[in-house]
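Here's the structure, in structure tokens; my notes come after.
All heavy atoms count here, side chains included; hydrogens, waters and symmetry mates do not. One is the number of the first residue; the rest follow in order along the sequence.
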Amino acid sequence: MEELLRRELGCSFVKATGHSGGGCISQGQTYDTDRGRVFVKVNPKAEARRMFEGEMAGLAAILRTGTVRVPAPIKVLDAPGGGSMLVMEHVDMRALSSHAAQLGAQLADLHLENQKLGEVLRKEAGTVGRGSGQAERPFVDQFGFDVVTCCGYLPQVNDWQTDWVTFYVRQRIQPQMDLVEKGSGDREALELWSALQLQLPGLFRDLDIVPALLHGDLWGGNVAEDSSGPVIFDPASFYGHSEYELAIAGMFGGFSSPFYSAYHRHIPKACGFEKRLRLYQLFHYLNHWNHFGAGYRGPALSIMRSLAR
């Protein structure tokens with residue numbers, strides 16, 4: 001591994017530090033190099049390259065906004081013995097605590113960045129395009145992403161759509177429902193989803209949704225801080241509705257009231273926010289059902305029952 005990293009990163013010195021980490025998807029190891037400390041995530045599966053290339057694209061996109069810190073991605077490589085690995089900047093992180101409010105404000109800045117870019121470009125040029133001060137980052141006027149990303153190990157197709165509800169139905173919920181049907185043929189789930197689709201237009205009435213760059217999997221295990229402020233990592237990024245980001249944040253804890261207060265000072269709750277939040281949580285419960293089993297069936301069906309009425 002050290003020889004591979006020396007060759008691929010153009011380093012003369014690489015040595016494992018003995019510090020490791022990881023979760024249920026991938027494992028990681030820290031290395032010292034003459035170009036700084038790096039963190040290497042490794043996954044042995046054949047699909048790992050797609051997963052890591054999506055993660056790298058998400059980290060790079062968030063990094064370019066200059067709003068909230070992420071580990072700088074470096075390179076995706078083939079792993080010795082099969083699978084792939086993602087090399088990124090090492091950040092000496094600890095659990096999020098004192099910088100929770102700062103993260104809320106910075107996350108709002110991330111979500112508003114594309115909207116503000118569009119406003120600047122319209123003022124400067126009178127049309128959507130490249131403004132004089134923002135030539136390298138054009139305004140994004142559709143929902144999606146340039147590459148496939150993964151939430152967990154399941155791929156998310158991010159084909160561009162002009163309508164957010166169309167994107168969310170076709171490219172988030174329907175693929176999860178297809179997996180449920182394939183895995184268990186759960187008739188109640190399929191019937192509830194059919195009924196819920198009829199109610200969706202009412203949940204988005206009078207909303208003007210501007211595409212926002214999202215982390216996409218912002219639960220408590222994917223946020224941290226160092227001495228300089230908050231850090232987010234392991235993204236499943238795409239351009240979507242900013243409210244979507246807060247769905248999984250509220251499901252498993254890890255976010256305090258200062259985080260939410262700071263966020264909503266910048267992006268106030270719109271009418272119908274709570275119902276749409278449950279709709280966005282539906283994706284994550286379905287995704288967990290398809291990852292980890294039917295223990296997540298109950299919450300998924302409960303959401304569909306409540307919203308389909």
- Side-chain donor-acceptor contact under 3.5 Å, Gln176 with Trp289: no
- Message: We want to know whether Thr149 and Asn158 form a side-chain donor-acceptor pair, criterion being a heavy-atom distance below 3.5 angstrom.
- Response: yes
- Message: Looking at Lys41 and Asp234, is there a salt bridge between them, counting it only when a charged N and a carboxylate O are closer than 4.0 Å?
- Response: yes
- Task: Mind listing the closest non-hydrogen atom pair of Ala60 and Pro73 along with its distance?
- Result: N-CG, 3.9 Å
- Beyond-backbone contact of Lys182 with Asp178, side-chain heavy atoms, under 4.5 angstrom: no
- Angle class for the Phe259/Phe255 ring planes (parallel below 30°, perpendicular above 60°, tilted otherwise)? tilted
- Apply the test side chain to side chain donor-acceptor pair (under 3.5 Å) to residues Asn43 and Ser26: give CA-CA distance (whole Å), side-chain angles for both, the deciding distance (0.1 Å), then the verdict. CA-CA 5 Å; Asn43 188 289; Ser26 302; 3.3 Å; yes
- Task: Compute the ring centroids of Phe238 and Phe167, then answer whether they are less than 6.0 Å apart.
- Result: yes
- Is there a donor-acceptor contact under 3.5 Å from the side chain of Asp34 to the main chain of Cys11? no
- Rounded to the nearest 0.5 Å, how far does CG of Leu121 lie from CG of Leu117? 4.5 Å
- Message: Testing the 3.5 Å rule here: is there a donor-acceptor pair between the side chains of Gln142 and Gln161?
- Response: no
- Task: Could you please spell out the steps behind the ring-ring contact (aromatic ring centres under 6.0 Å, His included) verdict for His215 and Tyr244?
- Result: CA-CA 10 Å; His215 174 281; Tyr244 175 93; over 10 Å; no
- Query: Are Val76 and Val42 grouped together when hydrophobic residues (ILVMFWY) are joined by side-chain heavy atoms under 4.5 angstrom apart?
  - Reply: no
- For the residue pair Ile62 and Pro235, establish whether any side-chain heavy-atom pair is separated by less than 4.5 Å. yes
- Message: So which atom in Leu154 and which in Asn287 form the shortest heavy-atom distance, rounded to 0.1 Å?
- Response: CD1-OD1, 3.4 Å
- Message: Between Arg69 and Glu225, does any side-chain N to carboxylate O distance fall below 4.0 Å?
- Response: no
- Between Ser302 and Gly298, is there a donor-acceptor pair closer than 3.5 Å when you use the side chain of the first and the backbone of the second? no
- Query: What is the distance from atom CG of Leu4 to atom CG of Leu9, rounded to the nearest 0.5 Å?
  - Reply: 8.0 Å
- Rounded to the nearest 0.5 Å, what separation is found between the CZ atom of Phe283 and the CG atom of Leu286? 8.5 Å
- Query: CZ of Arg276 to CG of Leu307: how many Å apart, nearest 0.5 Å?
  - Reply: 11.5 Å
- Tell me, do Val231 and Val70 make a side-chain contact under 4.5 Å, heavy atoms counted? no
- Message: Using 0.5 Å steps for rounding, measure from the CG atom of Asp141 to the OH atom of Tyr239.
- Response: 11.0 Å
- Message: Please identify which of these residues, Arg172, Glu243, His241, Glu245, meets the side-chain hydrogen bond (donor to acceptor under 3.5 Å, both in side chains) condition with Tyr280.
- Response: His241
- Find out whether the Lys NZ or Arg CZ of Lys15 is both under 6.0 angstrom from the six-membered ring centre of Tyr31 and within 45° of the ring's axis. no
- Task: Show your reasoning for whether side-chain contact (heavy atoms from CB on, under 4.5 Å) applies to Thr33 and Leu5.
- Result: CA-CA 9 Å; Thr33 83; Leu5 291 173; over 6 Å; no
- Message: Is the distance between the ring centroids of Trp164 and Tyr168 under 6.0 Å?
- Response: yes
- Atom pair CG (Asp217) and SG (Cys150), whose distance is rounded to the nearest 0.5 Å: 11.0 Å
- Quick one: do the Ser228 and Asp226 side chains pair a donor with an acceptor below 3.5 Å? yes
- Item | Close side-chain approach of Gln199 and Lys275, heavy atoms under 4.5 Å | no
- Query: Does a side-chain heavy-atom distance below 4.5 Å link Thr17 with Gln29?
  - Reply: yes
- Note on the structure: Correct closest heavy-atom pair for Phe233 and Pro71 would be CB-CD, 4.0 Å
- Working for salt bridge (charged side-chain N to carboxylate O under 4.0 Å, His left out), residues Glu89 and Arg37: CA-CA 7 Å; Glu89 170 194 16; Arg37 182 168 286 188; over 6 Å; no
- Message: Walk me through whether Ile209 and Phe143 qualify under side-chain contact (heavy atoms from CB on, under 4.5 Å).
- Response: CA-CA 10 Å; Ile209 301 174; Phe143 302 95; 3.9 Å; yes
- Task: Determine the minimum heavy-atom distance between Ser242 and Tyr263, stating which atoms define it.
- Result: CB-OH, 3.7 Å
- Query: Should Val223 and Leu103 count as side-chain neighbours, where that means a heavy-atom distance under 4.5 Å?
  - Reply: yes
- Message: Determine whether Leu196 and Ile303 satisfy the following criterion, side-chain contact (heavy atoms from CB on, under 4.5 Å), listing intermediate values before the conclusion.
- Response: CA-CA 10 Å; Leu196 174 54; Ile303 289 172; 5.8 Å; no
- Answer yes if Leu277 and Tyr296 sit in the same cluster of Ile, Leu, Val, Met, Phe, Trp and Tyr residues linked by side chain heavy atoms under 4.5 Å apart, and no otherwise. yes
- Query: Is it true that Glu8 and Lys75 make a salt bridge, defined as a side-chain N closer than 4.0 Å to a carboxylate O?
  - Reply: yes
- Provide the closest heavy-atom pair for Ala212 versus His111 in the form atom of the first, atom of the second, distance. CB-O, 3.2 Å
- Establish whether Leu63 and Val91 are linked, either directly or via other cluster members, by ILVMFWY side-chain heavy-atom contacts under 4.5 Å. no
- Please confirm whether the backbone N or O of Asp159 pairs with a side-chain atom of Gln171, one donor and one acceptor, at under 3.5 Å? yes
- Item | Hydrophobic cluster membership, Val148 vs Leu179, 4.5 Å side-chain cutoff | no
- pair Val140-Trp160: side-chain heavy atoms closer than 4.5 Å: yes
- Counting only N and O atoms by type, is there a donor-acceptor contact under 3.5 Å from the side chain of Gln115 to the main-chain atoms of Val210? no
- Query: Going by heavy atoms in the side chains, are Asp32 and Val14 under 4.5 Å from each other?
  - Reply: no
- For side-chain contact (heavy atoms from CB on, under 4.5 Å), just list the numbers for Trp193 and Asp186, CA-CA rounded to whole Å, side-chain angles, deciding distance to a tenth of an Å, and then say yes or no. CA-CA 11 Å; Trp193 173 229; Asp186 194 298; over 6 Å; no
- Note on the structure: For Leu301 and Ala189, the nearest pair of non-hydrogen atoms, with its separation, is CD1-CB, 3.8 Å
- Task: Determine, for Glu3 against Arg6, whether the closest basic-nitrogen to carboxylate-oxygen distance falls under 4.0 angstrom.
- Result: yes
- Query: Are His288 and Phe252 near enough that their ring centres are under 6.0 Å apart?
  - Reply: yes
- Message: Are Val40 and Leu59 connected into the same hydrophobic cluster when the rule is that any two of I, L, V, M, F, W, Y join if their side-chain heavy atoms are below 4.5 Å apart?
- Response: no
- Is there a donor-acceptor contact under 3.5 Å from the side chain of Ser194 to the main chain of Leu190? yes
- Task: Carefully, step by step, assess Glu55 and Arg50 under the rule salt bridge (charged side-chain N to carboxylate O under 4.0 Å, His left out).
- Result: CA-CA 9 Å; Glu55 182 177 344; Arg50 177 181 60 187; over 6 Å; no
